[in-house]
Amino acid sequence: ALSALESELGVTLLQRNRKGVVALTDAGQKIIPHVRTLLAQVETIGQEAKAAHGEAAGKLRLGSMLSIVSPALLARVLTCFRASYPDVEVVLFEGTMREVAEWIEKSIIDVGFVLFPAQGIEVTPITTDELCVLVPLGHRLHTKVAVIPRDLQEEGWIMAKNQCALQLMEVAVGPSRVRPQIRYQASDSATVLAMIREGLGITLMPRMVLPKKLEGVVALPFDPPHQLQIGLAVRSQAMASPAAQLFVQTASTWVQESA
């Protein structure tokens, strides 16, 4: 499809070599964002036409934040949505907070979970979580009822490789108040928890992401508590696809009924 577009426009959009695509050309960097927006609009037009006949069908590109949105929350909302709208194909994108927001702005996805408030996109609040500091049993902080940023200044940190934990720290205590000493980086939360259990460092996680049983690890809230407002965002509610609007409605309803 891109080759045909290049022929029609008379410009090269992608730099290629024998192995495939290398990068966007200067022209591609300017044109491709418009192409993404146009394709999203075509999909929305098709969905609106089907909705006029009482049908809910098409594709929904959904973004979720790694290590922030609870897998249980995501799975239950998706189950509810699929049961109500089986003809909508959901394509899941997972990334950091910044990536999900950028994907929405660039029309790479139709709707995404974000932390509220967010700039440049329109957000519907969905649920509230709490940011916790995780320390091993026997740690100097493990008997505290809550912690303050100053308590964490000399600690060694274990961070997920996707950098979400570092972004959460900036959200919680500001980029200048705590300069984390990152000892290790791991790919998933289970590895991070195992390393904390062994006394190799501490980390930050939302409470809803934690397993039901924390063996050898203590989750401490901040004082004052740091709430994470999680919402679903679209580029524009007025221009959002029917599938995106239905997903937001489904998530909001499910959270309210489960409260």
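- A donor-acceptor pair under 3.5 Å links the side-chain atoms of R61 to the main chain of I108, judged by distance alone.
- Side-chain contact between F116 and I230 is absent, with no heavy-atom pair separated by less than 4.5 Å.
- Here the CG-CD distance, from L131 to Q227, works out to 9.5 Å after rounding to the nearest 0.5 Å.
- The closest side-chain heavy-atom distance from T128 to L228 is not below 4.5 Å.
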Which pairs would a plain distance check flag for residues 68-78, meaning a side-chain donor or acceptor within less than 3.5 Å of a matching protein atom at least two apart in sequence or in another chain?
| from | atom 1 | to | atom 2 | distance (Å) |
| --- | --- | --- | --- | --- |
| S70 | OG | A72 | N | 3.2 |
| S70 | OG | L73 | N | 3.3 |
| S70 | OG | M208 | O | 3.4 |

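- Following chains of ILVMFWY side-chain contacts shorter than 4.5 Å, one can reach L39 starting from L13, so the two form part of one hydrophobic cluster.
- Contact record, I126 with S252: CD1-OG, 3.3 Å, taken as the closest heavy-atom pair.
- Pairs engaging residues 231-259 under the ring pair (Phe, Tyr, Trp, His ring centres under 6.0 Å) rule: F81-F247 [sequence neighbours left out].
- M65 and F93 end up in the same hydrophobic cluster when Ile, Leu, Val, Met, Phe, Trp and Tyr side chains are linked at under 4.5 Å.
- Considering only heavy atoms from C-beta on, L134 stays 4.5 Å or farther from I202 through its side chain.
- Of all heavy-atom pairs spanning S64 and V100, the tightest one is O-CG2, 3.7 Å.
- Taking every heavy atom of both residues into account, G112 and I104 meet most closely at N-CD1, 3.9 Å.
- Here I148 contributes atom CD1 and L220 contributes atom CG; the two are 12.5 Å apart, rounded to the nearest 0.5 Å.
- A distance-only check finds a donor-acceptor pair linking the side chain of E6 to the backbone of L14 [under 3.5 Å].
- The side-chain contact (heavy atoms from CB on, under 4.5 Å) test with V192 is passed by exactly one of Q185, M205, R197, M159: M205.
- Considering every non-hydrogen atom in both E122 and S236, the closest pair reads OE2-CA, 3.8 Å.
- The shortest side-chain heavy-atom distance between K106 and P33 does not fall under the 4.5 Å cut-off.
- Here Q47 contributes atom CD and K59 contributes atom NZ; the two are 10.5 Å apart, rounded to the nearest 0.5 Å.
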key: Steps toward side chain to side chain contact (heavy atoms under 4.5 Å, CB included) verdict (D87, K50)   = CA-CA 11 Å; D87 294 326; K50 292 173 183 176; over 6 Å; no
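- Distance alone, capped at 3.5 Å, places no donor-acceptor pair between the E130 side chain and the P225 backbone.
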Quiz: residues 135-145 side-chain donor-acceptor pairs under 3.5 angstrom, not counting sequence neighbours:
| from | atom 1 | to | atom 2 | distance (Å) |
| --- | --- | --- | --- | --- |
| H139 | ND1 | L141 | N | 3.0 |
| H139 | NE2 | E155 | OE1 | 2.9 |
| H139 | NE2 | E155 | OE2 | 3.3 |
| R140 | NE | E155 | OE2 | 2.9 |
| R140 | NH2 | D151 | O | 2.6 |
| R140 | NH2 | E155 | OE2 | 2.9 |
| H142 | ND1 | G138 | N | 3.3 |
| H142 | ND1 | H139 | O | 3.0 |

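- In this structure, R207 places its CZ atom where more than 12 heavy-atom neighbours from other residues, nucleotides or ligands lie under 6.0 Å away.
- When only modelled atom types and interatomic distance are considered, Q249 and Q245 share no side-chain donor-acceptor pair under 3.5 Å.
- Using a 4.5 Å cut-off between side-chain heavy atoms of Ile, Leu, Val, Met, Phe, Trp and Tyr, with links allowed through other members, V234 and L38 fall into different hydrophobic clusters.
- When side chains are defined from C-beta on, K30 does not count as touching D26, because their heavy atoms never get closer than 4.5 Å.
- Distance check: T191 OG1 to Y184 OH gives 13.5 Å after rounding to the nearest 0.5 Å.
- Taking CG from D110 and CD from E43, the interatomic distance works out to 7.0 Å, rounded to the nearest 0.5 Å.
- Both L214 and M195 are part of a single hydrophobic cluster, where members link through side-chain heavy atoms under 4.5 Å apart.
- No side-chain heavy atom of S107 sits under 4.5 Å from any side-chain heavy atom of Q41.
- Considering all non-hydrogen atoms of both residues, L200 and I158 come closest at C-CD1, 3.9 Å.
- Looking only at distances, a side-chain donor or acceptor of T25 sits under 3.5 Å from a matching main-chain atom of T12.
- At a threshold of 4.5 Å between non-hydrogen side-chain atoms, the residues V88 and L246 do not count as touching.
- Residues F222 and V147 meet the side-chain proximity criterion, which asks for heavy atoms closer than 4.5 Å.
- Nearest heavy-atom pair across E105 and I121 is CG-CG2, 3.8 Å.
- A distance of 10.0 Å separates CZ of R82 from CD of E89, quoted to the nearest 0.5 Å.
- Side-chain heavy atoms closer than 4.5 Å link hydrophobic residues (I, L, V, M, F, W, Y) into clusters, and following such links, possibly through other members, connects L24 to L9.
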